Amino acid sequence: MLNAVAATGKPVILSTGMSTLDQIDRAVSTLGTERLVLMHATSTYPLPPEEANLRMIDTLATRYAYAGVPVGYSGHEPGLQISLAAVALGATAVERHITLDRTMWGSDHAASLEPHGLRTLVRDIRIIETAMGDGVKRIFPGEEAPLAKLRRVGA
């Protein structure tokens, strides 16, 4: 099946749920890295926090850094915290199931987001992206007044 998908030449979003690193390596080798996005996932519905293993985002990003393969997160947990943590840990994309009512029958609904939850997730992801900054230490404009008032010794 992966050969047929690769032959289309279309972009591929590949979930890593229920897979070993060896299986992921073989899938990446078959699909190529040009139009690939890997999604760290644990395919438990709903996902308990102890099975999220979010450090795999960095493991996958490091493993495929030579090819510049972006790594995202496919979440199946109730709530937003784990998806938001994935973004803070470097996930470049987030996939979540959506539903109109989380109490509906079926395993997906309890692990899905209702429209309000999806809006909240997107809002909070944008805040996290802004808050990550650029890693350059500087004095920000909001610090100048406290600096003038509180600093007693010049650096």
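Any value given below was found using the heavy atoms of this structure, including those in side chains, with hydrogens, waters and symmetry copies removed. Nothing here was measured: the structure is a model prediction, and the numbers come from that model.
Heavy atoms only, all atoms of each residue included: Ala52 and Thr42 are closest at O-OG1, 3.8 Å. Contact record, Ile57 with Ala86: CD1-CB, 3.6 Å, taken as the closest heavy-atom pair. Contact detail for Pro146 and Gly142: the closest heavy-atom pair is CD-O, 3.5 Å. Taking both residues in full, the closest heavy atoms of Ala110 and Pro78 are given as O-CB, 3.9 Å, listed atom of the first, atom of the second, then distance. Contact detail for Leu100 and Pro115: the closest heavy-atom pair is CD2-CG, 4.3 Å.
Here the side chains of Thr120 and Leu113 are not in contact, with every heavy-atom distance at 4.5 Å or above. For the pair Leu38/Pro70, no side-chain contact is recorded, criterion being any heavy-atom separation below 4.5 Å from C-beta on. Residues Pro49 and Ile82 form a side-chain contact, since some pair of their non-hydrogen atoms from C-beta on lies under 4.5 Å apart. Taking the side chain as every heavy atom from C-beta outward, Ser112 and Ile98 never approach each other to under 4.5 Å. Side-chain contact between Val87 and Leu84 is absent, with no heavy atoms from C-beta onward closer than 4.5 Å. The shortest distance between side-chain heavy atoms of Glu77 and Arg96 falls below 4.5 Å. Residues Val37 and Leu14 have side chains not in contact (no heavy-atom distance under 4.5 Å, counting atoms from C-beta outward).
Considering Leu36, Asp25, Thr59 as possible partners of Tyr64, the one that fulfils the side-chain contact (heavy atoms from CB on, under 4.5 Å) test is Asp25.
Hydrophobic cluster membership differs between Met39 and Leu47, with clusters built from Ile, Leu, Val, Met, Phe, Trp and Tyr side chains linked at under 4.5 angstrom. Under the 4.5 Å side-chain contact rule for hydrophobic residues, Ile125 and Leu89 do not share a cluster. Cluster annotation: Tyr66 is connected to Leu31 through the hydrophobic network of ILVMFWY side chains, with a link wherever side-chain heavy atoms come within less than 4.5 Å. Met56 and Val94 end up in different hydrophobic clusters when Ile, Leu, Val, Met, Phe, Trp and Tyr side chains are linked at under 4.5 Å. By the criterion of side-chain heavy atoms lying less than 4.5 angstrom apart, applied directly or through intervening Ile, Leu, Val, Met, Phe, Trp or Tyr residues, Tyr73 is grouped together with Val28 in one hydrophobic cluster.
Other residues, nucleotides and ligands contribute over 12 non-hydrogen atoms within 6.0 Å of the CZ atom of Arg138. Atom CD of Glu129 has more than 12 neighbouring heavy atoms from other residues, nucleotides or ligands inside a 6.0 Å radius. Environment of CD1 in Ile128: crowded, with over 12 heavy atoms of neighbouring residues, nucleotides or ligands closer than 6.0 Å.
The backbone N or O of Gln23 sits less than 3.5 Å from a side-chain atom of Thr20, completing a donor-acceptor pair. His76 places no side-chain N or O within donor-acceptor distance of the main-chain N or O of Asp108, the cut-off being under 3.5 Å. Distance alone, capped at 3.5 Å, places no donor-acceptor pair between the Thr44 side chain and the Pro46 backbone.
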- Residues Leu21, Leu60; criterion side chain to side chain contact (heavy atoms under 4.5 Å, CB included); working and verdict: CA-CA 9 Å; Leu21 277 175; Leu60 292 169; 4.1 Å; yes
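Between the side chains of Asp101 and Thr103, at least one donor N or O lies within less than 3.5 Å of an accepting N or O.
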